[in-house]
Amino acid sequence: MSAPTLDRPAVDETALQAQFDATIAADHRVEPRDWMPEGYRKTLVRQIAQHAHSEIIGMQPEGDWLLAAPSLRRKAVLLAKVQDEAGHGLYLYSAAETLGADRADLTDRLIEGRQKYSSIFNYPTLTYADVGVIGWLVDGAAICNQVPLCRSSYGPYARAMIRVCKEESFHQRQGYELLMTMMRGTPEQRAMVQDAVDRWWWPSLMMFGPPDDDSPNSAQSMAWGIKRHSNDELRQRYVDMSVPQAQVLGVTLPDPDLRWDEESGHWRSGPIDWAEFKRVISGEGPCNAERIARRRAARDDNAWVTEAATAYAAKHAEGHAGAVA
Ligand code: FAQ
């Protein structure tokens with residue numbers, strides 16, 4: 001008789017894959033301790049990290065106006081919104097950590113240009129109307145893209161999205177309310193709103209990613225239930241949602257080809273400048289260098305805080321281990 005072995009039983013990858021496939025097919029959630037294919041894990045880390053970086057970098061364009069807000073009320077609202085974006089980044093980095101990612105490593109990847117963040121945050125905020133337009137159009141696009149992610153197949157990501165979406169909805173309303181106020185103001189204020197809409201409309205359409213026939217990740221991400229809709233589907237939903245809002249606001253969307261298509265029941269927009277999108281995501285947008293430089297400075301200038309917190313946590317863990325022994 002052979003001696004009993006302490007070796008762990010061989011892992012039956014086929015059975016694990018079948019269990020994973022069944023979870024996805026039944027539309028149940030995959031949780032951190034579940035087995036998952038390496039490609040699924042990598043895709044999630046890529047998307048969640050990009051999303052987290054977008055929230056943190058996304059604090060900068062509006063953060064630039066915190067010291068120049070036109071009233072105490074506007075300043076309090078903007079401060080709350082920018083802080084919310086920091087919170088979103090934290091939930092998302094935590095979700096990435098459940099997949100084995102290291103947060104400091106993700107930050108390094110962002111700063112070194114090895115991971116992306118949303119193209120939209122590489123445009124400047126020239127006037128206070130931009131704060132309103134970011135709330136209306138950028139948070140509006142974020143909601144449109146992220147509400148379906150509340151049903152994403154990975155549990156921690158889906159749950160983080162529920163709270164994020166509730167807060168984004170407040171962000172969108174504050175933006176729209178600010179714009180409504182400006183539109184009831186002077187001709188100069190109305191012109192500022194129109195100018196901001198002219199600059200942000202096309203970049204907000206690009207937030208949804210490349211067209212479906214040029215989106216390498218979509219098919220697999222949709223098969224895994226990470227994404228629930230294609231980039232073009234969500235972009236269309238956003239156009240349909242935004243046109244009536246623009247009409248109520250009294251602004252013109254800067255698209256001469258925009259037209260109502262009776263047959264399909266959709267607003268059809270003109271061609272998007274994908275060359276601009278590619279330039280911006282490859283680092284050549286108007287503010288890419290500035291955004292990353294500020295993020296790098298935040299990491300380097302605050303390294304002492306990280307070191308102190310890490311040393312304190314280690315000391316605390318030692319003390320705890322001693323108490324247990
Ligand atoms: N910008 O194959 P796909 C916010 C990249 S949060 C930059 O279609 P996928 C809140 C993509 O990563 C905004 N890169 O990729 C807020 C991929 O590159 P890779 C962020 C982009 O992942 C508001 C390549 O192109 N939201 O706004 C962009 O299936 C106000 C090929 O693309 C999220 O991250 C882009 N726009 O679909 C904060 C939502 N689009 O990685 C402050 C979660 C695509 O292979 C103020 N993410 N790329 O090198 C998603 O839903 C998806 O990742 C998509 C892209 C739809 C963005």
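Order of appearance sets the numbers: ligands from 1, and atoms from 1 within every ligand. Owing to the predicted nature of the structure, the values given are computational and were not obtained by experimental measurement.
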Asks: Considering residues at least two apart in sequence or located in another chain, which fulfil the side-chain hydrogen bond (donor to acceptor under 3.5 Å, both in side chains) criterion with T98?
Replies: Y154
Asks: Using only heavy-atom distances, determine whether the side chains of H51 and Y157 contain a donor-acceptor pair under 3.5 Å.
Replies: yes
Asks: Under 6.0 Å between ring centres: does that hold for F121 and H53?
Replies: no
Asks: Show the distances, to 0.1 Å, for all pairs joining an N/O atom of ligand 1 and a protein N/O atom that are shorter than 3.5 Å, listing one pair per line.
Replies:
residue  : atom   : partner : partner atom : Å
ligand 1 : 1 (N)  : S119    : N            : 2.8
ligand 1 : 1 (N)  : S119    : OG           : 3.4
ligand 1 : 2 (O)  : S215    : OG           : 3.2
ligand 1 : 2 (O)  : P216    : N            : 3.3
ligand 1 : 2 (O)  : N217    : N            : 2.9
ligand 1 : 2 (O)  : N217    : ND2          : 2.9
ligand 1 : 8 (O)  : S215    : OG           : 2.7
ligand 1 : 8 (O)  : N231    : ND2          : 2.8
ligand 1 : 12 (O) : R46     : NH1          : 3.4
ligand 1 : 12 (O) : Q50     : OE1          : 2.4
ligand 1 : 15 (O) : N217    : ND2          : 3.3
ligand 1 : 18 (O) : K116    : NZ           : 3.2
ligand 1 : 22 (O) : R46     : NH1          : 3.1
ligand 1 : 22 (O) : R46     : NH2          : 3.2
ligand 1 : 29 (O) : K227    : NZ           : 2.7
ligand 1 : 36 (N) : S119    : OG           : 3.1
ligand 1 : 36 (N) : M206    : O            : 3.3
ligand 1 : 36 (N) : M207    : O            : 3.4
ligand 1 : 37 (O) : K227    : NZ           : 3.0
ligand 1 : 41 (O) : R46     : NH1          : 3.1
ligand 1 : 45 (O) : N217    : ND2          : 3.4
ligand 1 : 49 (O) : K116    : NZ           : 2.4
ligand 1 : 51 (O) : N145    : ND2          : 3.1

Asks: Return the set of residues passing side-chain hydrogen bond (donor to acceptor under 3.5 Å, both in side chains) with E112 (not counting sequence neighbours), or none when no residue passes.
Replies: R114
Asks: Checking E262 now: which residues fulfil side chain to side chain contact (heavy atoms under 4.5 Å, CB included) with it, not counting sequence neighbours?
Replies: W260
Asks: Start with the C-alpha gap between D261 and W267, add the side-chain angles, then the distance that decides, and say whether side chain to side chain donor-acceptor pair (under 3.5 Å) holds.
Replies: CA-CA 6 Å; D261 179 18; W267 285 95; over 6 Å; no
